[in-house]
Amino acid sequence: MKNIAKHITMGVALCTSVLFASSAHATWAGNTAKTDVKLNGASADAVDYALLVNPQGFFATKGGSGGFASDFALYGSKQGWTAMAAFGSQADDGDAVSTHKLGTNLTFTFDKTDGRHGSWTVANNDAKNNVKLDLVFAMYGGMGSSAFLFDNETLAAGSTSNGSWTFNGLTLFGNKANYGNLTIFARDVSKTAFEVPTTPVPEPESYVMLLAGLGLIGFMSNRRKLAQPLFH
C-alpha cells in the first residue's frame, strides 16, 4: 500500500512539473535561436519551440507539423506542410534521404559531429529547374522540438546547399539535451526554368556593317600614308 501511495505521489509530482513547464516552456528551449541552424551560411528566418511535441510521434496531436504550423503560417501561405525526409536517432555520417514529393527531386543528408552539433545538405537533383519553397528543419530532443523555418528558399538547379545545426533544447532537469530525431518539412513549391547564358549570334546585317567599318578604316589609313611628305 505504501508503494502504491509512493508511486501516486511521484506521478502527481511529475504531472505538476509538466504542467508548470507548459506555462513556461521557453525554459526547456534553452537558448535556442535562429542562428542555431544555417543553410548556405544564412540563419533561419524564424524558430519555434514546442514542448512535449515530437514530429515523429505516434499520436497525431504530438506529431507532424503541429508544433509549428500555426506560428509559421504568418510567413505567407497557410498551405499544409509535407514531411519530406525523416532521420532517426541513429542517423549519422551523411545519411541520405531522396524524395519526389510535391513534384521535387531532392536529396537531404544528415550528419552528427556529436549529440548536439552537426551538418546537413539539400541537393536539387533537377538540372533544368530552380526550386523555390519553404523549408522547416524540425529537430526533437529533451522535452520537445525546435523548428527552424527557411522562408522562400531557392535551390538552384543541379546544386547542393550546405548547412549546419546546433541543438540547444534541455532535458527535464535542465541539462543540455542531445539530438533525438529530425524531420524536414516543405510547402509552397514552385519552379523556374534554369537558363544557361549564351553568346548571341550576330545577325547578317552586323557582319556587313563590320566589314564596311574595317574597309573604311583601311581606306583612311592609306590616305594618311599618301598625304605624308616624302622628304623632311
Side-chain angles (χ1 to χ4, degrees), residues 14-39 43-91 95 97 99-104 106 108 110 112 115-116 118 120 122 131-153 163 165-172 174 176-190:
L14 180 59
C15 289
T16 301
S17 67
V18 169
L19 289 173
F20 174 77
S22 66
S23 64
H25 65 269
T27 302
W28 309 118
N31 59 350
T32 297
K34 293 184 291 186
T35 54
D36 292 347
V37 178
K38 296 183 178 181
L39 188 61
S43 301
D45 295 295
V47 63
D48 198 12
Y49 180 82
L51 179 69
L52 300 180
V53 172
N54 180 353
Q56 296 182 26
F58 292 105
F59 303 103
T61 56
K62 299 296 182 183
S65 60
F68 60 85
S70 60
D71 290 338
F72 289 169
L74 300 174
Y75 292 83
S77 170
K78 293 184 179 180
Q79 176 185 330
W81 293 91
T82 298
M84 305 294 282
F87 298 88
S89 60
Q90 301 303 314
D95 282 13
V97 175
T99 179
H100 288 83
K101 291 181 179 179
L102 301 179
T104 64
L106 306 176
F108 298 90
F110 175 82
K112 286 189 296 185
R116 298 184 56 249
W120 66 296
V122 52
V131 174
K132 186 177 181 180
L133 73 176
D134 294 341
L135 272 180
V136 165
F137 185 98
M139 182 170 285
Y140 169 77
M143 295 297 293
S145 61
S146 301
F148 301 85
L149 169 68
F150 292 88
D151 188 41
N152 293 326
E153 187 70 27
W165 62 267
T166 297
F167 187 71
N168 282 315
L170 303 179
T171 67
L172 176 63
K176 291 183 177 180
N178 286 326
Y179 156 86
N181 61 54
L182 167 69
T183 311
I184 298 176
F185 296 86
R187 71 174 182 187
D188 295 350
V189 175
S190 62

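Values in this document were obtained by computation on a predicted structure and should not be read as measured data.
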S.K.: Calculate, to the nearest 0.5 Å, the distance between atoms CG and CG belonging to Asn168 and Asn31 respectively.
M.R.: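 Asn168 CG to Asn31 CG: 4.0 Å, rounded to 0.5 Å.
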
S.K.: State the OG-CG distance between Ser65 and Asp48, to the nearest 0.5 angstrom.
M.R.: 11.5 Å

S.K.: Could you grab the distance from atom CD of Gln90 to atom CG of Asn181, nearest 0.5 Å is fine?
M.R.: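 Rounded to the nearest 0.5 Å, the CD-CG separation comes out at 11.5 Å.
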
S.K.: Going by the rule side chain to side chain donor-acceptor pair (under 3.5 Å), which residues pair with Thr183 if we only count those two or more places apart in sequence or in a different chain?
M.R.: Gln56

S.K.: Using every non-hydrogen atom in the two residues, find where Phe167 and Tyr140 come nearest and quote the distance to one decimal.
M.R.: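 Heavy atoms of Phe167 and Tyr140 come nearest at CZ-C, 4.1 Å.
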
S.K.: Do Met84 and Val122 come within less than 4.5 Å of each other through their side chains, counting heavy atoms only?
M.R.: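 In short, these two side chains do not touch, never coming nearer than 4.5 Å.
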
S.K.: If you look at every heavy atom in Gly174 and Trp28, which pair is closest and at what distance?
M.R.: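 Scanning both residues completely, I find the closest heavy atoms to be N-CZ3, 4.1 Å.
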
S.K.: When you look at Val47 and Leu149, which way does the side chain to side chain contact (heavy atoms under 4.5 Å, CB included) test go after all the steps?
M.R.: CA-CA 6 Å; Val47 63; Leu149 169 68; over 6 Å; no

S.K.: Which heavy-atom pair separates Asp188 from Ser77 by the least distance, and what is that distance?
M.R.: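 Nearest pair, atom of Asp188 first, then Ser77: OD2-CB, 2.9 Å.
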
S.K.: Could you go step by step and tell me if Trp165 and Phe148 meet the side chain to side chain contact (heavy atoms under 4.5 Å, CB included) rule?
M.R.: CA-CA 10 Å; Trp165 62 267; Phe148 301 85; over 6 Å; no

S.K.: So, taking the atom named CG in Leu135 and the one named CG in Asp45, what distance separates them when rounded to the nearest 0.5 Å?
M.R.: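 So the gap between those two atoms works out to 10.5 Å.
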
S.K.: State, yes or no, whether a side-chain contact exists between Val189 and Lys132 at a heavy-atom distance under 4.5 Å.
M.R.: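 No, every pair of side-chain atoms sits at 4.5 Å or beyond.
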
S.K.: Would you say that Asn178 contacts Arg116 through its side chain, given a criterion of any heavy-atom pair below 4.5 Å between the two side chains?
M.R.: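 Counting from C-beta outward, Asn178 and Arg116 do come under 4.5 Å.
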
S.K.: On a heavy-atom basis, which atom in Ser146 and which in Tyr49 lie closest, and how many Å separate them?
M.R.: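 Where Ser146 meets Tyr49 most closely, the heavy atoms are OG-CD1, 3.4 Å.
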
S.K.: Return the minimal non-hydrogen interatomic distance between Ser145 and Pro55, and the atom names on each side.
M.R.: CB-CD, 3.7 Å

S.K.: Would you indicate whether the side-chain heavy atoms of Val53 and Phe68 approach each other to under 4.5 Å?
M.R.: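 No, their side chains stay 4.5 Å or more apart.
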
S.K.: Is the closest side-chain heavy-atom distance between Lys38 and Phe137 below 4.5 Å?
M.R.: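 A side-chain contact under 4.5 Å is absent here.
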
S.K.: Establish, yes or no, whether a centroid distance under 6.0 Å links the rings of Phe87 and Tyr179.
M.R.: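 Between Tyr179 and Phe87, which both carry aromatic rings, the centre distance is not below 6.0 Å.
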
S.K.: Going from CE on Met143 to CG on Leu52, what distance comes out if it is rounded to the nearest 0.5 angstrom?
M.R.: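 Going from the CE atom of Met143 to the CG atom of Leu52 covers 5.0 Å.
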
S.K.: Using 30° and 60° as the class limits, which term best fits the ring planes of Phe150 and Trp120: parallel, tilted or perpendicular?
M.R.: tilted

S.K.: In Å and rounded to the nearest 0.5 Å, what is the CG to CD distance from Leu133 to Glu153?
M.R.: 7.5 Å

S.K.: Measure up the Phe72 and Tyr75 rings against each other and bin them: parallel (under 30°), tilted (30 to 60°), perpendicular (over 60°).
M.R.: perpendicular

